[in-house]
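Residue numbers begin at 1 in each chain, while the letters A, B, ... track the order of the sequences. Computed from a prediction, not measured in an experiment: that's the story for all the values here.
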Amino acid sequence: MQYLTPSTFSDAIKLATDASGTSRFLAGGTDVLVQMRADIFTPDLLIDLKKIAGVGDITREADGGWTIGVAVPGAVLREHSDLGREWPGLVEAVDLIGSTQVQGRATMVGNLCNASPAADAVPAMIAAGAEVSVQGPNGKRRVPVEDIPTGPGQTSLAQGELVTAVHIPPRGTHAGDAYQRFIPRTEMDIAVVGCAINLRLDGDIITEARVALGAVAPTALLVDDAANAIIGTSLDDAALDALSAAATAACNPIDDKRGTIKFRKHIAGVMARRVALQAYERATAQAGEKA
Amino acid sequence: MSVKAPLPHDTAGLHVAGSARYIDDIPVPANCLHLAFGLSNEARGVITGADLSAVRAAPGVITVLKATDLPHENDVSAAAHDEPLLAQGEVFYHGQPIFLVVATSHLAARKAARLANITISKRPAIITIDEALSANSRFEGEALVWNNGDAETALNTAPRNVEGSIEIGGQEHFYLESQAALAQPQENGDMLINSSTQHPTEIQHKVAEALGKPMHSVRVESRRMGGGFGGKESQGNALAVACAVAASQTGQPCKMRYDRDDDMVITGKRHDFRINYRAGFTKDGKILGVEFVHYARCGWAADLSLPVADRAMLHADNAYYVPAMRIESHRLKTNTTSATAYRGFGGPQGMLGMERVMDHIAHELKLDPAELRQRNFYASQKDTGPKQRTHYNQKVTDFELHEMLERLTDTAQYAARKKAVSDWNANNDILKKGLAFSPLKFGISFTLSHLNQAGALVHIYQDGSVHLNHGGTEMGQGLNQKIAQVAASEFGLPMERIRITATDTAKVPNTSATAASSGSDLNGMAVKNACNKLKKRIIRILSNHWETTQSDVIFTDGMVQIGHHSMSFDAAARLAYESRVSLSATGFYRTPKLSWDRLKGRGRPFYYFAYGAAITEVVIDTLTGENRILRTDILHDAGTSLNPALDIGQVEGAYVQGAGWLTMEELVWDTSGRLQTHAPSTYKIPTCADRPDVFNVALWPGENRENTIYRSKAVGEPPFMLGISAFLALSDAIAACGEIYPALDAPATPERILKAVNRVRLG
Ligand SMILES: Cc1cc2nc3c(=O)[nH]c(=O)nc-3n(C[C@H](O)[C@H](O)[C@H](O)COP(=O)(O)OP(=O)(O)OC[C@H]3O[C@@H](n4cnc5c(N)ncnc54)[C@H](O)[C@@H]3O)c2cc1C
């Protein structure tokens, strides 16, 4: 196996495109190295992206949005002074990944491109309306996060394509997001159900919402029905019931040792309700702060 | 004196720094080979073809061995001779080793192992307890039944009855260091084995059998294990034997370690049980009679299942005097991994059966569960009346729990918190709290009486430093430190003058497994015996030297005093050496007073009992089944503790492991016998964050009433069963959701808790 550290994305793309055997991009390595050690997959070529200029940066854009480098680990995201205030749900979701040790390495993009249905950061990224820049032998494109994973371990990235940055939209006012997951113990675990909700208020009425579910289908889901159930409401009991029902209905989980279908669907409904209340509370608090 | 001092584990610093050596850290010669097993993909069937050509052709492969290639015995069982190292003709569980790959690297061996083309003609596999019962598939021919008194009449005439059943899941040991062994060929065909084992003598025995050599040709060394928990009592045999056979065939050192997945699929686990019960009692909750039926799923081979199931029966009373009891124990043979020893050795399952009965009765009578338990306790050791006997006719003379319960309910503010919990539950619909007390009485001794023996070897060098060895193994529990404390106290030396080396069959022969919590009881006494022999010799020398009579001798503070004479221990050692007196002695100990008939279920299997009591408070989320342990208070009886720091560590770890067994740790086999939970991604042990938020652990300031080493008590297994209080607390929280008894099964995973909540809510 060969290990290379290109200094530009173009070089990285070229290495991957020209590779005669299998290749893998390497960010934090908390999935890649585990897969190698466990003999699940050992590439012929490992292309480390961490030496490319700017991949460790978190940048505020002119419109108030954020660009996050592909090698920014969870620990750095969490310690950022503004990001977590604006996007607490997103930062908390990344922060749930693994342990302190894993946090020092694991990246959001690695979480996305590893394409586990249970990845914690992904529903939060989807709910936030995040997009990624993708670059490959045939040029650049910008893709909504929900279009990257296509199935367990599968992405829409073509051979030689990689993600070069994550874009988080401007937060704006009267808005809040939240992510919670269900696991059978208190830490270091894989989500049985994950739910992220991002919403905006006008007064006490929800004007915009995005609801995403993780671990209940082959990929994280953006559930429009669930969002529509709360848009235009003040998140009263009827809205919460409708949200909960829509979340349950959207699930298409597997029946496995970590949870039966019935259980996962039920939990998704409960989680959606709780996450919505938290996001709503945050949006209300943020409105108070700004006013 | 160094005994009773709360000294840290002797190699704690090395553990933390990563410089403590485990098997895989031992430097090996460059030509060392690595091994992996090829495993069965079926739970039961006949091997109709085994094409291993692709395995042999794979990169790095040196040789591949099948059952027919083995030179002598093909057996790695503990005793029953029913566990081939490599399957011969038939396979009996999914994951059973069929062939052995010997290659130049660990990865090469594992990769090659997957290339085999094995065809197996399937036979109907027996996976569940019910399947085993309907096929009458069992060990020992029939159920073992013990009767004490007339339980049936007691039940039929009792004013009140409860009846029910509880499913109790198994448990993966999840030692951090997976199974590992290293074999290095010596001259003359001898073999040196390093093994991560609790039982070096058995490894020696099995390797000798496999090589067709006498035991003196095999030396086994075990420095430490990264956790054992019973999982390394017999389960290391396969690796050591495989390494030895491969090393003897290739003439090169051979090493084998299981990857976590392989370890979980291949090796045995805690027995899962179903326990049916019927109990009769008075209106104020006094038990009159109980009938238990134990169904133990033993897996495909006998391993240690019979003594495990016996110990479950022996603990069916837990801490309660039951005037009439009948226990029927079914040891079922299934096509799953062969269940094996695991901390408590059946005791926890047996005890949980009785605690379930208590819980059920308390719910039925609406009595305080702690109060009900105390009413049924054996009489206090202070009680002057005739001593009560257990259902196997052993007198209970040392019962401590009345006093312990009183102390614990006081320090844990049981009554006030019980009220606070019920107030909380009255005011909260979604989060419900539960509080529960559970006691434990655990019998100490191997039930196979001849195992209750130990040896030691103590050397004093001419500079006065002491080197010692004993038959016990170090698995993180701190046994070596406790034993060193014994030697330091006997010789009156500071700890740094004592060194304990790796357990070694060439130094102390014919050892028993470090199991049954017996490590410090047995080996401590053996070391003391050796120290006493050496002290006598030193006293003789010094008496001659000073021409004095031998009374009034003290070994203390690095000095030896006889009457008004005194000399440093080091000078005394030098003098003994120059006087040509042997400064090396063996020590031996056998536990007294034991007699036991396991078929009749009568006698005194235990030298004494260890006691403990716990109160646990939990909260559950009734919409998701999520749960947390909020607070745990424990009072544990370690007699006069040899080392309170190590003992408290054992109690804390055991509690968390016990709670894990009954809550989040779930083994799932699919209908064709494949273990679905064979990695940390799917099998959940408690993490640091899962320990109780408030965790008060204290040792009961008692002393062993029997003459054990410094009047201490064994502490390895007993506190595991304090985890039962967490399970009972969850049941209590669920019970707060309605009127009916929750009848919770174990493990109480969130999903199972949620189901129980819904059941109770529907009424
Ligand atoms: C102990 C432990 C606990 C864990 N706990 C959790 C958890 O709680 N929740 C959770 O969701 N995950 C968990 N994980 C999984 C893992 O940590 C996360 O998925 C993490 O976010 C992966 O990020 P990384 O930077 O380490 O990715 P890497 O391992 O470097 O890469 C992951 C995948 O993404 C690809 N990739 C990386 N960067 C790019 C890029 N720029 N363009 C294209 N492809 C790319 C890689 O080729 C690889 O296929 C855990 C892992 C461990 C070891």
Visitor: What about A/F263 and A/F182, are their ring centers closer than 6.0 Å?
Guide: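 Under 6.0 Å, so yes.
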Visitor: A side-chain contact here means heavy atoms from C-beta on lying under 4.5 Å apart; do B/D429 and B/T622 qualify?
Guide: no
Visitor: Which members of residues 652-661 of chain B, sorted by number, sit under 4.5 angstrom from chain A on a heavy-atom basis?
Guide: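 Against chain A, none of the residues of residues 652-661 of chain B fall inside the cut-off of heavy atoms under 4.5 Å.
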Visitor: Which answer fits B/D621, side chain, backbone, both or neither, if we ask what part of it has an atom under 4.5 Å from a heavy atom of chain A?
Guide: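 For B/D621, the contact with chain A is made by the side chain alone.
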Visitor: Which heavy atom of B/N335 sits nearest a heavy atom of B/I127, and at what distance?
Guide: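 In this case the closest contact between B/N335 and B/I127 is O-CD1, 3.6 Å.
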Visitor: Contact part of B/I430 toward chain A, heavy-atom cut-off under 4.5 Å: side chain, backbone, both or neither?
Guide: side chain
Visitor: Using a 4.5 angstrom heavy-atom cutoff, name the option from B/D670, B/L754, B/V668 with the most pairs to chain A.
Guide: B/L754
Visitor: With chain B, which of A/R37, A/K262, A/H266, A/M188 has the greatest number of heavy-atom pairs at distances under 4.5 Å?
Guide: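 Counting heavy-atom pairs under 4.5 Å, the top option is A/H266.
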Visitor: Applying salt bridge (charged side-chain N to carboxylate O under 4.0 Å, His left out), run through B/R631 and B/D693 and close with a yes or a no.
Guide: CA-CA 6 Å; B/R631 172 172 169 179; B/D693 294 342; over 6 Å; no
Visitor: Do any N or O atoms from the side chain of A/D31 and from the backbone of A/G29 form a donor-acceptor pair under 3.5 angstrom?
Guide: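 No, because the side chain of A/D31 does not come within donor-acceptor range (under 3.5 Å) of the backbone of A/G29.
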Visitor: Checking A/R210 side chain against A/I126 main chain: does a donor-acceptor pair fall under 3.5 Å?
Guide: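 Yes, the answer is positive, given that a donor and an acceptor are paired below the 3.5 Å cut-off.
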Visitor: Step through the shown structure and confirm whether more than 12 heavy atoms of other residues, nucleotides or ligands are within 6.0 Å of CZ on A/R273.
Guide: yes
Visitor: Looking at A/D189, A/D256, A/I267, A/T42, which one has more heavy-atom pairs under 4.5 Å with chain B than the rest?
Guide: A/D189
Visitor: Considering only heavy atoms, which portion of A/I190 lies under 4.5 Å from any heavy atom of chain B: side chain, backbone, both, or neither?
Guide: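 Both the backbone and the side chain of A/I190 come within 4.5 Å of chain B.
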Visitor: At a heavy-atom distance under 4.5 Å, which candidate from B/R260, B/K111, B/R110, B/K755 has the highest pair count against chain A?
Guide: B/K111
Visitor: Output the option from B/M664, B/Q676, B/K684 having the highest count of non-hydrogen pairs under 4.5 Å with chain A.
Guide: B/K684
Visitor: Decide, yes or no, whether a salt bridge links B/R114 with A/D39 under the criterion of side-chain N to carboxylate O below 4.0 Å.
Guide: yes
Visitor: At a heavy-atom separation under 4.5 Å, does A/T260 approach chain B through its side chain, its backbone, both, or neither?
Guide: both
Visitor: Classify the side-chain pair B/D262/B/H678 by whether it contains a donor and acceptor separated by less than 3.5 Å.
Guide: no
Visitor: Checking side-chain polar atoms at under 3.5 Å, does B/D272 have a donor or acceptor matched by the opposite partner on B/Q171?
Guide: no
Visitor: Please walk me through it: do A/D48 and A/R24 pass salt bridge (charged side-chain N to carboxylate O under 4.0 Å, His left out)?
Guide: CA-CA 8 Å; A/D48 191 345; A/R24 269 283 190 282; over 6 Å; no
Visitor: Which bit of B/T749 is near chain A, if near means a heavy-atom gap under 4.5 Å: side chain, backbone, both or neither?
Guide: neither
